[in-house]
Amino acid sequence: MSLRAELRVVRDRFRLDVDLDVAPGEVVALLGPNGAGKTTALRALAGLTPGGRVRVDGAAWDGLPVRRRPVGVVFQDYLLFPTMSALENVAFGLRARGVRRAAARAEAARWLERVGLAAHAESRPRALSGGQAQRVALARALATGPRLLLLDEPLAALDAGTRVHVRAELSRHLGEFTGHTVLVTHDPLDAMVLADRLVILERGRVVQEGTPAEVARTPRTDYVAHLVGLNLYRGVAEGGTVRLDGGGVLTVAEPADGPVHVAFPPAAVSLFPQAPAGSPRNTWPVTVAGVEQHAHTTRVRLDGAPPVLADITTATLADLRLRPGDALWAVLKATEVRTYPITGAGGG
Amino acid sequence: MSLRAELRVVRDRFRLDVDLDVAPGEVVALLGPNGAGKTTALRALAGLTPGGRVRVDGAAWDGLPVRRRPVGVVFQDYLLFPTMSALENVAFGLRARGVRRAAARAEAARWLERVGLAAHAESRPRALSGGQAQRVALARALATGPRLLLLDEPLAALDAGTRVHVRAELSRHLGEFTGHTVLVTHDPLDAMVLADRLVILERGRVVQEGTPAEVARTPRTDYVAHLVGLNLYRGVAEGGTVRLDGGGVLTVAEPADGPVHVAFPPAAVSLFPQAPAGSPRNTWPVTVAGVEQHAHTTRVRLDGAPPVLADITTATLADLRLRPGDALWAVLKATEVRTYPITGAGGG
Amino acid sequence: MIRDRPLVLVLPALAGLAFLVVPLLGLLVRAPWAELPARLFSAEVGNALRLSLVCASLATALCLVLGVPLAWLLARGDVPGRGLLRALVTVPLVLPPVVGGVALLLVLGRRGLVGQHLEAWFGVSLPFTTAGVVVAEAFVAMPFLVIAVEGALRAADPRYEEAAATLGASRWLTFRRVTLPSVAPGVVAGAVLCWARALGEFGATITFAGNFPGETTTMPLAVYLALETDPDAAIVLSLVLLLVSVGVLAGLRDRWVGGAG
Amino acid sequence: MIRDRPLVLVLPALAGLAFLVVPLLGLLVRAPWAELPARLFSAEVGNALRLSLVCASLATALCLVLGVPLAWLLARGDVPGRGLLRALVTVPLVLPPVVGGVALLLVLGRRGLVGQHLEAWFGVSLPFTTAGVVVAEAFVAMPFLVIAVEGALRAADPRYEEAAATLGASRWLTFRRVTLPSVAPGVVAGAVLCWARALGEFGATITFAGNFPGETTTMPLAVYLALETDPDAAIVLSLVLLLVSVGVLAGLRDRWVGGAG
Amino acid sequence: SSAPDGTTVTVYAAASLTEVFTGLGADFQAANPGARVSFNFGGSSALAQQIGQGAPADVFASASPATMEQVAAEVDRPVTFARNRLEIAVPGGNPAGVTGLADFGRAEARIALCAERVPCGAAAGEVFRAAGITPRPDTLEQDVKAVLTKVRLGEVDAALVYRTDVRAAGGEVEGIGFAEAERAVNDYPIAPLKRASPRGRQFVDFVVSQAGRAALTAAGFDVP
Ligand SMILES: Nc1ncnc2c1ncn2[C@@H]1O[C@H](COP(=O)(O)OP(=O)(O)OP(=O)(O)O)[C@@H](O)[C@H]1O
Ligand SMILES: Nc1ncnc2c1ncn2[C@@H]1O[C@H](COP(=O)(O)OP(=O)(O)OP(=O)(O)O)[C@@H](O)[C@H]1O
Ligand SMILES: [Mg+2]
Ligand SMILES: [Mg+2]
């Protein structure tokens, strides 16, 4: 069973008209430029803004008041209750579900610890920094174990290091999560690491959707092309190498262990007619599957183990005279490859 | 004359102790993990939080009430006046300076246009999306022509496309700006493109400061090393090539014209014993100036035109047996290089 | 948007409403309806009603002009001894109105501390004039405005005022454009309280301003006089006053009372 | 943090303060100070004062229990005819208090609409009892609480309540933990108004509850009687009432009045 | 409230009787050991309202026959136990030099009177008609106390009030008698309620007794 939503919201100067399907356990990333309607879509799903129809696991949510919808929302501006401490904010949802005070506080404390804020449990939101507040908001939304998670840019205010940590924690959580998740983000990396499927909105409509790989392979608008410039794989890491699920082995700079996402931008892939000697650790034979011209770059789809996207300049394209079926060597520096553990915390 | 600040703020669980110097026209980026004290430092500079002493252009600001300080602040949570339209928000500062209503509104409209929000001039903040609100906040702070600009993550909520545009606009503005700017950001690219100098805070103290290049060359903490993984140059672009101010020419994928920043990560640089044939457009001879070992990667400082940082794996290091003075070929794909116009709007 | 309403709130709310409104029903049942039209359209009642409305509105205006700044001073002014000041503001509330009227006479009467100079220098004498009615009503009603507005100011987020300060706004501009609009619902609530209290004011008014038809006889004074001889007439007059007041207040467009809600 | 205060606000604020406080000075000047200690420590005054404080506090408690939910219903309840309801709430404000007392008698008196059943079924009779004093004071004072709290609720950001709803909180829990704390300054302001008004209540009390020393004679009633015989004594009694009230209100720790400020 | 248990007498009395009746009550208790008198002083009309609503009163002493009439159904044969006559009241020292009723017609004098609807106003009206004077009042007060307050504070130059009030005000107010006062006296009726205990009737008897008359006379009332 899954979530089916037909969202229709009309505002003064804006109209949202989006159909959304989310399978159980699936994470859908909602992407799009400012004012595209991402926040509005989340609000409609939560029931905060009336409009359209939502069915989850076969049950219609339309008549359901917000508080009876098993949702967890991270608001773009957090909306932490200013009169409660961080701990009380996180415990609030549990208390609302009838969990006893002591148990709720203990559970809330565990969540704060998970997002690295154990030391700020007693702080009021006004005494938290922006990034700290965002982490409390995330903990608050996750603590109630909702069926539908709605995350509005949940990592935007985090510093790079915390972001890696929280992203990994969130990824682990979402990996185990059997409910539905809709995640709004401006960061393609968040989207590709955390989401199973991307839905891209522009001006209140879906302009493209698909798995990160599909969208990356055939971006339909400039916004999408700009956004999804990443090669992304799953694999199992062992020290400095990752054995990819779809075949192929990549050498990475930062050792990791266990299941990981592996990502690098198409621009990081160099193409050589012959296998070169030099610093790059990853060199493997590929054949050209297709060539797409964008504004200033050319995206080359290459088959191989792994298959890969490479961005090259138009001048290079002319030099190499690429045609489908041509055999080449793909070269990738290990330091260009980022890994993100799929389960278990720890930095990428 | 310049800005000299000794900021001392004591909070429950936190103490800020930062000395800051900003030359006229200089842009200082304040970086640091969540809760490091960046927002607190900006508040102290604006006079909103008492603590320490601030001298600007020879005048002590200590007794000065907030409203007499010629500052422009973009707050992390925007703080747009909820009872005014976007236009009125931007016009407010001008009105406060005695500009007549019609003139103030016209000027405000120009600013809204510059941040791409002409269509939302009459919207109340509650009817703006997160990114739109942030742009209004930026316009509001810039419109009064302050001597000291304090920007708290001014681009965090913007989508990738808008961000490029607004960053360019901001960069152009800051380039012409003769006042002092302190910018808080979590995005290293924003920092390196917009700032002349980085000041890195951790736990309320300065742990490192210097130009982006200096900091990148000798990162003193893991946070810094993680953050500033960029080679950054200034140069003049002409179509697909950029002539760097410090010597050297780089080929770039996206044509540009005029003065630009050029940036690429150290990881994008490959090192070869001989000049290879292949897709990468940029190949130039370098000599090893130094080698630094970090957790999982090795950062190699290379002299040449341009001088460059390259990150390689420890395995590669062993393979190439690098020593200072060794001659190598640096190889860089044009698609890895990003350019950011220094003046004049337009996407990177 | 959220339709379900918890009984634990709705039941006391309805009980409260009943408590306030049912006594009115008692009056309605008791009122001699046959007399009502005659009363309503008598010149005497017309005069008193007009005077009541004019004086209550003027008193409210006076209270707004003096009381809103006072509320601001208490909430934001950083003045020493604020708790005591706030308590002093409630003095006219606690003072029995007749004593309040006496106090006004002691100060503003023709032999009063200030009044004797007013009379000597400006030839102004407040007692027994319509202006005196306004003063008496304002004195009794102002605390409602001040306390209500101060409460609203305290609940407002002061960081918007910080933002205004960074934009170079003086405290006056900030107050006018940022603070005041954001507490507008509180000011409206205070003004409603103030107006209604002024409209019903009796003790201080009759003591300070006296009772002269067309000049100082407001509806409550007329009601009291009627009570002495003809209680049913007094009830009718009260109902007329109520009707008009409820009409005026219900007619306040929701936009003015609106605000964030 | 911002020290400079604009004259355009400070001057009217001080004028307002003077307007409220100077009449008190008039009373102080006039008061027969020599009598004060004797009065203060007389059993009669002690009784009246104690009764006043107890009744005003009970009335305020009653108003809080019924009035805060009513304010919530008006501000958030999405009820039809809200403008009219809000106007009806102000009825006891506009009604001259003596008429209010008559209305209460008509409804809750022994022969009243509701009172006769109260008496027949439960043997409860409110008029002329201490409970009656509380009822009369609550009737007159409740509008202050309701209107002040409603104003505060309207100024509060409803999006926090949305956030609470997404966390599964019932409207009651949301009200208790989210809404109420955020409008606490408004509730305190309303309660202060309510308490002070109840403390000074005279007309409705003497009409509904009568004037029985030790049982229903509150300070304002004592003042009224003293006015009949010894006006100076009335002033002293008023000052005693004031002193106690100002003392209580000034003693409210700033924390309770505090809130966001 | 004090139940009519036969030992407590609950007396509803006009506020202007506060001082006299408080004294009489003490005397009554002294004369009738075991009896207790409990007073409810207030405006006559408010008291009448309360009695009309079934208030537990034993005795009602009103300041005007009209208010007694309002509760005619509840009481037994009212009797007039006191009369009050009007006097001219002027502030101490008589700053405006008022000498008689004629001054009430002067435009420049500030004059306070009771409103026509209340007993003292009705009486004043009769007095002026008898004297052939058209008064030019500045205010028509709702009761004598309000008039008296204005005299005491010097807000008015002259007023018509009851003699008892002038007496009670002490030195701050001077009284000036005049002949026409005889033409308009205000009667104070008293009556036991129909449901009153014997003690109630006993109290009424006490008020009209010799002791009661003496106390009333001392307070400035005329007694019939
Ligand atoms: N309450 C409202 N009333 C009227 N228009 C609104 C309201 N809320 C949002 N809008 C408009 O609807 C559009 C979509 O807003 P929304 O907040 O959903 O954008 P978003 O995709 O979340 O953008 P961002 O990335 O900037 O957060 C915007 O143009 C906005 O101005
Ligand atoms: N009003 C306050 N009272 C007490 N502590 C505070 C207050 N404001 C901030 N702090 C604490 O001071 C520290 C620094 O906060 P600050 O907001 O300056 O961080 P920041 O560097 O801006 O972080 P971020 O990147 O998350 O915005 C934090 O630990 C925070 O909890
Ligand atoms: Mg949004
Ligand atoms: Mg911050």
Side-chain angles (χ1 to χ4, degrees), chain A residues 11-13 32-35 39 76-77 119-120 123 127 129-132 135 152-153 156-163 186 188 222-223 226-227 240 251 253-255 266-268 270-274 276-281 295-297 310-313 315-316 319-320 331 333-336, chain B residues 11-13 32-35 39 76-77 119-120 123 127 129-132 135 153 156-163 186 188 222-223 226-227 240 251 253-255 265-268 270-274 276-281 295-297 310-313 315-316 319-320 331 333-336:
Chain A
R11 287 273 162 78
D12 305 354
R13 254 181 299 274
N34 292 134
T39 298
Q76 198 166 3
D77 46 0
H120 291 271
S123 299
S129 80
Q132 290 163 347
R135 281 182 270 161
D152 204 347
E153 308 194 27
L158 306 190
D159 70 76
T162 308
R163 191 171 183 130
H186 287 308
D222 270 2
Y223 170 80
H226 200 273
L227 189 76
T251 303
E254 297 170 22
S270 307
L271 298 178
F272 291 85
Q274 288 93 31
S279 70
R281 293 282 93 188
H296 304 304
T297 60
D311 279 359
I312 59 176
T313 58
T316 310
D319 269 13
L320 295 180
V331 174
K333 292 187 60 197
T335 48
E336 291 267 24
Chain B
R11 287 272 163 79
D12 305 353
R13 255 180 297 273
N34 291 133
T39 298
Q76 197 165 4
D77 45 0
H120 291 272
S123 299
S129 80
Q132 290 163 345
R135 282 182 269 160
E153 309 194 24
L158 306 189
D159 70 77
T162 308
R163 191 170 183 132
H186 288 308
D222 270 1
Y223 170 79
H226 199 273
L227 189 75
T251 303
E254 299 170 23
S270 307
L271 299 178
F272 292 86
Q274 288 93 32
S279 70
R281 294 281 94 190
H296 303 303
T297 59
D311 280 358
I312 58 176
T313 58
T316 311
D319 267 13
L320 295 178
V331 174
K333 292 186 58 197
T335 48
E336 290 266 24

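Computation of the quantities below employed the complete heavy-atom set of this structure, encompassing side-chain atoms and omitting hydrogens, waters and symmetry-equivalent molecules. Please read these numbers as outputs of a predicted model, since none were measured by experiment. A, B, ... follow the sequence lines: proteins, then strands. Residue 1 opens every chain.
Nearest heavy atoms, B:Q76 versus A:G131: NE2-N, 4.3 Å. For the residue pair A:A157 and B:N34, the shortest heavy atom distance occurs at O-ND2, 3.1 Å. The two atoms that bring A:K333 and B:D311 nearest to each other are NZ-O, 2.8 Å, heavy atoms only. Smallest separation of non-hydrogen atoms from A:G35 and B:S129: N-OG, 3.3 Å.
Put simply, of A:L158, A:T39, A:D77, the one with the most heavy-atom pairs under 4.5 Å next to chain B is A:L158. No other option in B:A156, B:G130, B:A268 has as many heavy-atom pairs under 4.5 Å with chain A as B:A268. Top candidate by heavy-atom pairs under 4.5 Å with chain B, chosen from A:Q132, A:R11, A:R13, is A:R13.
Heavy atoms closer than 4.5 Å to chain A are found nowhere in B:A127, neither backbone nor side chain. Of the two parts of A:R135, only the side chain, counted from C-beta on, holds a non-hydrogen atom closer than 4.5 Å to a non-hydrogen atom of chain B. Proximity to chain A involves both the backbone and the side chain of B:S123, based on heavy atoms less than 4.5 angstrom apart.
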